[in-house]
Number of protein chains: 2
Amino acid sequence: MIRMNKLTDYGVVLLTTFAHEPALGISARELSVRTGIPQPTVVKLLKTLLKAGLLVSQRGTKGGYALSRAPEEIPVAVIIEALEGPLAITECSLPGTCAHERGCPARPNWKAVNDVIQDALSRLTLADMTRPASPGATRTGSPLPAVDSAPRSIAS
Amino acid sequence: MIRMNKLTDYGVVLLTTFAHEPALGISARELSVRTGIPQPTVVKLLKTLLKAGLLVSQRGTKGGYALSRAPEEIPVAVIIEALEGPLAITECSLPGTCAHERGCPARPNWKAVNDVIQDALSRLTLADMTRPASPGATRTGSPLPAVDSAPRSIAS
DNA sequence: GAAATACAGTACTGGAGAGGTCCTAATTGA
DNA sequence: TCAATTAGGACCTCTCCAGTACTGTATTTC
């Protein structure tokens with residue numbers, strides 16, 4: 001499957017928790033309680049997200065974490081890249097990593113697929129992820145094409 | 001990263017080799033020679049693709065494998081699903097696999113992202129993957145958005 | 001019919017990396 | 001000063017991918 005790490009999934013869950021709670025200063029322990037994710041894992045994820053600039057932190061007794069920007073300003077693509085590195089469906093996107101480059105005619109089209117995914121994830125924001133159920137309402141209109149009809153106008 | 005297995009990448013390379021050579025009966029050994037992929041791995045992949053119905057096989061001295069359908073009839077989504085299982089960007093697409101379902105508001109939107117990817121991969125066919133460089137020409141018009149600035153001569 | 005060739009199926013192994021833990025500073029409020 | 005919390009590592013463990021090996025079955029050729 002094209003799957004992402006469980007940690008990335010957890011990371012999104014954490015960020016959506018922040019998005020629901022705009023107040024500054026949620027501690028790692030409280031996040032663990034709310035999400036059910038083990039605290040050491042929460043701590044690890046928060047450090048990663050902090051380093052990526054998605055969170056701000058406050059040390060000390062009343063310390064904690066909070067979003068560095070509004071949820072509307074954080075694309076899902078940025079979140080995933082922060083947690084997993086560059087978005088790529090296959091490794092041969094980077095030159096030299098594929099031993100079969102010589103006879104591989106599939107490469108440019110893999111890149112095309114990558115771009116579609118990148119585009120979809122760039123237009124979906126954390127705010128969209130926190131909305132309960134309707135995938136239609138987003139800030140820029142309709143960032144995700146209606147799936148039932150052919151969304152062949154994914155302008156980039 | 002959102003990445004797929006190396007074996008899936010290999011599988012696509014094998015299938016594109018078939019697509020270039022419509023003649024029936026390419027042996028595993030010959031495929032190994034042509035693609036540079038180790039023969040045992042080739043054999044393993046061919047068995048998987050055969051079981052998925054993407055290939056037909058012929059035993060015996062002059063035996064070998066061939067595509068069961070025309071390359072235009074094989075969506076990339078089917079290939080990937082054959083090699084890796086159901087297309088899903090995260091595991092919680094299947095109910096019961098996520099321990100945090102209760103407090104996870106991100107789920108419906110993950111599904112939306114999944115659908116976009118699924119859709120993109122469903123409209124790209126094996127025939128499209130075999131085309132040398134221009135991602136514009138496809139059988140149903142323009143299934144993938146023009147990656148106009150993309151094919152900057154990755155040929156090696 | 002026998003031998004050679006190639007597919008069919010299963011089981012096994014090594015290694016990389018994800019997932020998770022632990023420990024020791026540094027910082028802040030009471 | 002003490003407790004609570006983040007900062008930043010090093011480290012461990014276990015899963016699963018990737019590759020290998022072996023035995024059996026089918027088909028062609030001589």
Side-chain angles (χ1 to χ4, degrees), chain A residues 1-14 18 24-33 35-68 80 82-85 90-92 97-100, chain B residues 1-14 18 24-33 35-66 68 80 83-85 90-92 97-100:
Chain A
M1 328 176 195
I2 304 180
R3 77 158 71 89
M4 69 176 59
N5 298 334
K6 191 191 288 185
L7 283 181
T8 301
D9 202 0
Y10 286 172
V12 172
V13 171
L14 291 178
F18 281 115
L24 192 138
I26 307 180
S27 70
R29 188 176 58 185
E30 187 175 355
L31 280 168
S32 173
V33 170
T35 59
I37 302 170
Q39 182 170 347
T41 303
V42 169
V43 169
K44 191 178 195 176
L45 284 167
L46 290 175
K47 288 172 184 173
T48 302
L49 294 170
L50 179 74
K51 199 175 298 180
L54 294 176
L55 297 179
V56 291
S57 65
Q58 176 70 23
R59 289 189 182 184
T61 310
K62 295 280 185 179
Y65 295 87
L67 292 178
S68 63
I80 295 178
L83 291 166
E84 311 203 37
T90 177
E91 286 145 8
C92 69
T97 52
C98 175
H100 311 293
Chain B
M1 327 176 196
I2 304 180
R3 78 158 68 90
M4 70 176 59
N5 298 335
K6 191 191 289 184
L7 282 181
T8 301
D9 202 0
Y10 286 173
V12 172
V13 171
L14 290 178
F18 281 114
L24 192 138
I26 307 181
S27 70
R29 190 176 55 187
E30 187 174 356
L31 280 168
S32 172
V33 171
T35 60
I37 303 170
Q39 183 171 346
T41 302
V42 170
V43 169
K44 191 178 194 176
L45 283 168
L46 291 175
K47 287 171 184 172
T48 301
L49 294 170
L50 179 73
K51 199 175 298 180
L54 295 177
L55 297 178
V56 291
S57 66
Q58 177 70 24
R59 290 189 180 185
T61 310
K62 295 279 186 179
Y65 295 87
S68 64
I80 295 177
L83 291 166
E84 311 203 37
T90 177
E91 286 144 8
C92 72
T97 51
C98 176
H100 313 293

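Every chain is numbered from 1, with letters handed out A, B, ... down the list of sequences. Note: hydrogens, waters and symmetry copies are ignored here, and every other heavy atom, side chains too, is used.
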**Contact check, side chains of Leu14(B) and Thr35(B), non-hydrogen atoms, under 4.5 Å** = yes
**Nucleotide of dC7(C), dG20(C), dT6(D) approaching Lys6(A) most closely (side-chain heavy atoms)** = dG20(C)
**Message:** Between the base of dT25(D) and the side chain of Arg59(B), is there a donor and acceptor pair under 3.5 angstrom?
**Reply:** yes
**Request:** Report the residue (Arg29(A) or Gln39(B)) whose heavy-atom-nearest nucleotide on DNA chain D is the more 5′ of the two.
**Result:** Arg29(A)
**Asked** If you check the Ser57(B) side chain, which of dG19(C), dA7(D), dC7(C) turns out closest?
**Response** dC7(C)
**Prompt:** Can you tell which of dG9(C), dT28(C), dT21(C) lies closest to the side chain of Pro40(A)?
**Reply:** dT21(C)
**Asked** Can you check whether Leu31(B) reaches Phe18(B) side chain to side chain, under 4.5 Å on heavy atoms?
**Response** yes
**Prompt:** Among the nucleotides dA8(C), dT21(C), dT5(C), which one has an atom lying closest to any side-chain atom of Thr41(A)?
**Reply:** dT21(C)
**Request:** Starting at OG1 of Thr48(A), measure out to CG of Leu7(A) and round the result to the nearest 0.5 Å.
**Result:** 8.0 Å
**Backbone of Leu54(A) reached by a side-chain donor or acceptor of Ser68(A) within 3.5 Å** = yes
**Asked** For the pair made of CG in Leu50(A) and P in dA26(C), what is the distance, rounded to whole Å?
**Response** 18 Å
**Prompt:** Which whole-number value in Å describes the distance from Lys62(A) NZ to dT6(D) P?
**Reply:** 13 Å
**Request:** Consider the side chain of Lys47(B), meaning its heavy atoms from C-beta on, and name the nucleotide among dG9(C), dT6(D), dG29(C) that approaches it most closely.
**Result:** dG9(C)
**Request:** Send over the distance from Tyr10(B) OH to dC17(D) P, rounded to a whole Å.
**Result:** 15 Å
**Prompt:** Choosing from dT21(C), dA7(D), dT5(C), which nucleotide comes nearest the side chain of Tyr65(A)?
**Reply:** dA7(D)
**Request:** Give the rounded distance in Å between these two atoms: NZ of Lys44(A) and P of dT21(C).
**Result:** 10 Å
**Item:** For atom CG of Leu55(B) and atom P of dA6(C), their distance in whole Å
**Value:** 17 Å
**Request:** Specify the separation, in whole Å, of atom CD1 of Ile37(B) and atom P of dT20(D).
**Result:** 12 Å
**Asked** Nearest of dA18(D), dT27(D), dC7(C) to any side-chain atom of Gln58(B)?
**Response** dT27(D)
**Item:** pair Leu46(A)-Leu55(A): side-chain heavy atoms closer than 4.5 Å
**Value:** yes
**Fill in**
Side-chain atoms of Ser27(A) come closest, of dG19(D), dT6(D), dA8(C), to dT6(D)
**Asked** Atom CG of Leu83(A) to atom P of dA18(C): distance rounded to whole Å?
**Response** 12 Å
**Request:** Whole angstrom is fine here: how far is it from CG in Leu7(A) over to P in dG17(C)?
**Result:** 15 Å
